[in-house]
Amino acid sequence: MPYNHKTIEKKWQERWAKEGAFVAADKVKPNKKKYILDMFPYPSGAGLHVGHPEGYTATDIYSRYLRMKGYQVLHPMGWDAFGLPAENYAIKSGVHPKESTDNNIKTFTRQIKSLGFSYDWTREVNTSSPDYYKWTQWLFLQLYKHGLAYKKAAPVNWCADCQTVLANEQVVAGACERCHNKVVQKNLEQWFFKITGSGKHGSYPERLLSNLEKLDWPEPIKTMQRNWIGRSEGVEIEFRVQSSEFRDKVDFVLLHGFNGDSQGVFFPWLKGEIEKRGFKVVAPDLPNPEQPTEEEQVGYVLKNIQFDENTILFGHSLGAAVALKVAEKLKTKIRGLVLAGGFSSPKFKDKSRPFHNTFNWEFDFEKIKKSAGFIKILSDRNDYAVRIEQGKFLHENLGGELIETESQEPHFTANQEPVILNSLVPSIKVFTTRPDTLFGATYMVLAPEHALVRELKNQIENWSEVEKYIKKAAAKTQLERTDLAKEKTGVELKGVKAINPGNGEEVPIWIADYVLSSYGTGAIMAVPAHDERDFEFAKKYNLPIREVVIKKYGEVLPNAMPRDVAHAITIKGDKVLLVFNKKINEYQLPGGRIEAKENPEATLLREFTEETGYDHIHIEEYLGQIEQNYNFAPENVNNHRLCKVYKVKILDDHNIGLAESDKDKLEVVWVDAAEAIQHFARGSWKGTEEFITRSGGKYGLCYFGNGVMINSGEFNGLSNEEAKWKITKKVGGQKAIQYKLRDWLISRQRYWGAPIPIIYCDKCARLRQGFGGQSEHPVPEEDLPVVLPTDVDFRPKGESPLARSKSFHKVKCPKCGSAARRESDTMDTFVDSSWYFLRYTDPKNKKEFAGKDKIKTWLPVDTYVGGAEHAVLHLMYARFIYMALCDLGFIETKIKRVALQKALSKNSTPNDEPFLSLRNQGLILGPDGQKMSKSRGNVINPDEVIEQFGADTMRLYEMFMGPLEDAKPWDTNGIVGVRRFLERVWEMGKFQVSSFQPKAGQPLADKFQDKKREVNRELHKLIKKVGDDIVSFNFNTAVSQFMIFVNAVYKIGEISQEHLELFLKVLNPFAPHIANELWSKLGHKGLLEKETWPKYNASLLVEDEVTYAVQVNGKVRSSVTVAADADEDEVARVATKNAKVAKYLTGKKITKQIFVPGRLINFVVK
RNA sequence: GCCCGGGUGGCGAAAUGGUAUACGCACAACACUUAAAAUGUUGCGCCGCAAGGCUUGCGAGUUCGAGUCUCGCCCCGGGCACCA
């Protein structure tokens, strides 16, 4: 009977389904469960790709193996069914996304089932079904309630032509991928998940990073996640801003407001911060704060506080009114007046405040203006007590500076208000990982968006130029600012300077868009000598470059005196000009010692001419300095050289000959650069070789390695690592950790996704207006799901199609019952896929996203298999969501067990991680080695492969192609080899030995004949190898081993039924249809899946005889076969007798003999 | 530019520091056949008639012994991209 895959495969697939062979029971002992997960597919219109079954086969083999090993295995499949392609298809064809998606799912289901995978189909999930997305919405609400979901304005990619927001992936070279229109940046209100936030068990970025160590994931994936999180450890250092207001000592008087005191709101913090900077601060408690009167409070201040020309008077809220009155009555002029949230009248809306009648609301603005050197008015855009108009009113009458801002809490009521501190003592905080280079910070750069830029507006002399630059930067898209910004640009803020806290130097402040507002503090100290970007910028704008860390060669030797030297690198073509010192037989760079107080450049030019004779020369560039420590052998002197290197150019060949003293000693030579590098890389000139490369490079003297400190005052001579913390300590820097990771933007202005369950109510907003309240309400959980409407026009018109569906849009406010509107954005599909693996455990639960007990039974996932393209996004998001759910108490992890594990081993796995072990599958390329695509016409259709060769062949071939994680081309010829193998398996019954017929029921024969023993040994090798390879996911070599076994049986020509049965058990996970068919042909009624995995007998694996390789001096000369238990002497005896070997031994003496048991013997001879 | 992978026959690939090229494809010969296909058996890295020599991207190093470890370089694939 020929091997007919079609009938066989259909037959067994039906039987598995009928018997529910792969339904996972929820009742299982914790150590007997395995959760084996595939990344669920997006059911695209193109149908299953040959790439899908690769990972699915791997997990299927593993799952089937584990079941045979006695595990209860959860192995589910579902559909990541929301997403853009279905919607785009709807726009094009008019077919509703639900319809096309359902059709695609049908196709996918049929195709996946035709491969005979052992999924538990009773647990199928579909993210686009309301039963599912109800819980996606529920998840959103949980995060929202705990402050992990929030809304803010964010720049998005906007295509004006398509009238839609685009994902970054849809922006190709700055243009819309569909219409090629230019994409612009637009600020829209967007929802975010706070992945940068913290939960019950700590900060998410920190946990996402540190947990990685304990996960059994491919190292490249972990690296990618680490890079994505981008943790850097550094310090925050503050640079004071020096402007005309601040030249010498000043005193501060801080006045609190209505109902407050000096311990309220930000006052203690502010006082402390100002005092830290070395100023005197008075912050009085004003009398009767609950029922204040002007007479009492102003009188108190005037009576108890001394004002002079150094005083800066600050008032908050009603304190500002007090301050104004004080200023009005002052006899001496004060330095300045700063008002935050200041009252200009006691009216709030229509109502009067309690202090309405106890203050006089007429101000003598002219008098106040005269008594204060400068005036600053801070006005909060979100202020409910003092409207922004009041700030404007004050500004109109007082002049000075109006700073419109958004404070931390409305009306400046937070514990810390940096804006106020900056208005009093302006400063720039920077984040740096290199505090050791502080003395080399020769300028500052702020991001164009930095708040301080606006705050300093009045001090900035070239404001119009600065403003122009800010606007230009804002107009650039993210892409332009990164991709296209090859050349750095910037503008200096003229009229303001920063003070370098290291050396007290005044340095210029610039704005430039190479500094990102979203990272660190949005400001940097620029150290051009030790940072490429700063170097490039400094070169372009001619800013000073100061080296503070130089590379050190060797350790300082005893009695070595420091000596300054200057040397020249002169390059012509690929030759370097050197002088050869004949006396000491050494190549040197022209140049020499700089005497005390001597100008290094003058020294160099003089020495250069003396040593080379060239006198028409000039110094092109300073390349940097290094420290060299060595013993100068000819004189036995310990040298400690500080070597400055310059690039020198010879202008013409004019040469006056060497100086008398050097004539006999030196010889001028032009040497290949490569050779010169060799000369210097060793000996006393070590280190100078680097400058030969540097002199040609883009970054000249820029050096970012470690070394020894120079130009850094009291820190000179320290190692830079040591200087890091010493300098930080000196300037009061704070340790800080920064991440590249940003919050997750989940809003999509799209239809085919889960609606965000939020309702906006105007009435509630009006009621709360002015108090900083929000008009958004979460949809009550009992009202979930918020169902997608079907009466929708998908054509993109600049907002979510949902916004145009009235039936969807209109809703009653859950709080006040009046007319309200729904949020019309939907969620990113990554939200759907960030928790699907939890739903599989309890897919039909109507009350919970999944029952706690079910989660506890199955999670975490033991093995997760999918493409490396999800290395960052999906895997990061899913980990975050799982962690958050753990923190919120929805996932009860096996704390006890894990705690015990932790106690026992450091390698315990964290209990807030969903995927313990991850394996990647590689891409399957077209037969031409290119990525499969319709346009290339190299797509392999899995349906056709199954039709022609069968599912078992396809499964086996995909495993045989190569390592799972590698990209590999589909070989249309190659698959026939696998098919041939299965044909040979099919025919193997013809070798069956009749005496082992099952009906006979005979006991096993005591003695195997030789042939049977040989088959037995091969079989046990197979069992071991295949089992090991499945566990380690080396499926390709497992398939090879099957072939080796079958080849052996064909050669031996005999196999017993028992051996055949064992073979089929091992084959079953790989090719389950044919294995079951042959199993039943051997007379078995039950499914092969119910059998247990055979054990191998290690003692059977030992061969009777072993072949040793015989080497002479490490070269293989022959091989000898000896009994397996032969010892070293025996092997040596046989080997030396071997004719081929003897040839190499005669007349030689064996000095050494290396013996590797079972492998080789090596004779080392002389 | 930076960070990961990876370079082994004509091709897909295999090799705890221990006989490089297992297994498969392609190719060749033979058997079966009137013939072809299928199947089975055998051969198959390169140079050489042979003895023998050479061979894991290139160059050095460690070692009795290197595809495997170390350093430098070249090429291919992937990720990140002004992250201070």
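Proteins come first, then strands; the chains are lettered A, B, ... in the order of their sequence lines, and each starts at number 1.
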Sugar-phosphate only, base, or nothing, as touched by A/Ile1044 at under 4.0 Å among non-hydrogen atoms: sugar-phosphate

Heavy-atom check, side chain of A/Glu1018 versus side chain of A/Leu1022, under 4.5 Å: no

Output the rounded distance in Å from CD (A/Gln930) to C1' (B/rG78). 15 Å

Starting at the 5' end of nucleotides 1-15 of chain B, put B wherever the base has a protein heavy atom under 4.0 Å, S where only the sugar-phosphate does, and a dash everywhere else. --SS-------BSS-

A/Glu449 CD - B/rC82 P separation (whole Å): 14 Å

Among B/rC23, B/rU19, B/rA26, which nucleotide sits nearest the side chain of A/Asn973? B/rA26

Write down the distance separating the C1' atoms in B/rA20 and B/rU8, rounded off to the nearest Å. 8 Å

Look at the side-chain N and O atoms of A/Arg984 and state whether any lies under 4.0 Å from the OP1 or OP2 oxygen of B/rG40. yes

May I have the distance from A/Glu983 (atom CD) to B/rG40 (atom C1'), rounded to whole angstrom? 14 Å

What about the rings of A/Tyr443 and A/Phe537, do their centers lie closer together than 6.0 Å? yes

Could you walk me through whether A/Tyr957 and A/Thr57 satisfy the side chain to side chain donor-acceptor pair (under 3.5 Å) test, starting with their C-alpha distance in whole Å, then the side-chain angles of each, then the deciding distance to 0.1 Å, before giving a yes or no? CA-CA 10 Å; A/Tyr957 175 61; A/Thr57 305; over 6 Å; no

Rounded interatomic separation in angstrom, taking CG from A/Leu982 and P from B/rU39: 13 Å

Side chain of A/Met224 only, please: which of B/rU19, B/rA84, B/rG79 is the nearest? B/rG79

Please report whether the ring centroid of A/Phe960 lies less than 6.0 Å from that of A/Phe1035. no

Go through B/rA26, B/rU42, B/rA84 for me and flag the one nearest to the A/Val976 side chain. B/rA26

Where do N or O atoms of nucleotides 46-54 of chain B meet protein N or O atoms at under 3.5 Å, pair by pair?
unit_1 : atom_1 : unit_2    : atom_2 : d
B/rG52 : OP1    : A/Lys1143 : NZ     : 3.1
B/rG53 : OP1    : A/Arg1117 : NH1    : 3.2

Which nucleotide, in any strand shown, forms a Watson-Crick or G-U wobble pair with B/rG77, with both distances under 3.5 Å? B/rC4

Report the distance from atom NZ of A/Lys740 to atom C1' of B/rC82, rounded to the nearest whole Å. 11 Å

OP1 or OP2 of B/rA84 under 4.0 Å from side-chain N/O of A/Arg231: no

Considering only side-chain heavy atoms of A/Ala1109, which listed nucleotide, B/rC82, B/rA84, B/rU19, is closest? B/rU19

Is it the case that atom NZ in A/Lys990 sees more than 12 heavy atoms from other parts of the structure closer than 6.0 Å? yes

Please check if atom NZ in A/Lys540 has more than 12 non-hydrogen atoms from other residues, nucleotides or ligands closer than 6.0 Å. yes

Contact under 4.0 Å: A/Arg980 side-chain N or O vs B/rU39 OP1/OP2: yes

Does B/rG65 have a Watson-Crick or wobble mate here (both distances under 3.5 Å), and if so which one? none

Side-chain donor/acceptor of A/Lys222 to backbone N/O of A/Leu215, under 3.5 Å: yes

Under-3.5 Å donor-acceptor pair between A/Asn1162 side chain and B/rC64 base: yes

Please report the distance separating the C1' of B/rC25 from the corresponding atom of B/rG43, rounded so that it comes out in whole Å. 16 Å

The side chain of A/Ile1154 is closest to which nucleotide in this list: B/rA84, B/rG18, B/rU19? B/rG18

Under 4.0 Å between a side-chain N or O of A/Arg1159 and OP1 or OP2 of B/rU19? yes

Given atom CH2 of A/Trp510 and atom C1' of B/rC82, what is their separation to the nearest angstrom? 17 Å

Tell me if B/rG43 is syn or anti. Syn = glycosidic torsion within 90° of 0, anti otherwise. anti

Rounded to whole angstrom, note down the C1' distance from B/rG12 over to B/rA22. 14 Å

Name the nucleic acid region contacted by A/Ser232, choosing base, sugar-phosphate or nothing; use a 4.0 angstrom heavy-atom cut-off, strictly under. sugar-phosphate

Please report the distance, rounded to the nearest Å, between CE in A/Met525 and P in B/rA84. 13 Å

C1' gap between B/rU63 and B/rC73, integer Å: 23 Å

Using atom C1' in both nucleotides, what's the gap between B/rC47 and B/rU55 to the nearest angstrom? 11 Å

When all nucleic acid strands are considered with a 4.0 Å heavy-atom cut-off, which category describes A/Val1164: base, sugar-phosphate, or nothing? sugar-phosphate

Salt-bridged, A/Lys968 to A/Asp966, with N to O below 4.0 Å? no

Could you check how far NZ of A/Lys1051 sits from C1' of B/rU42, rounded to whole Å? 10 Å

Roughly how far, to the nearest 0.5 Å, is CZ of A/Phe439 from CZ of A/Arg546? 9.0 Å

Looking only at side chains, do A/Arg984 and A/Asn1047 share a donor and an acceptor under 3.5 Å apart? yes

With a sphere of 6.0 Å drawn around CD of A/Gln930, does it hold more than 12 non-hydrogen atoms of other residues, nucleotides or ligands? yes

Can you check the distance between B/rC80 and B/rG9, where both ends of the measurement are the C1' atom (answer in whole Å)? 37 Å

Does B/rG24 pair with anything, Watson-Crick or G-U wobble, both distances under 3.5 Å, and if so, with which nucleotide? B/rC11

Side chain to side chain contact (heavy atoms under 4.5 Å, CB included), paired with A/Thr437, selected from A/Asp531, A/Val548, A/Asn720: A/Val548

Looking only at atom C1', what distance separates B/rU21 and B/rC76, rounded to whole Å? 22 Å

Euclidean distance for C1', B/rC75 against B/rG59 (whole angstrom): 15 Å

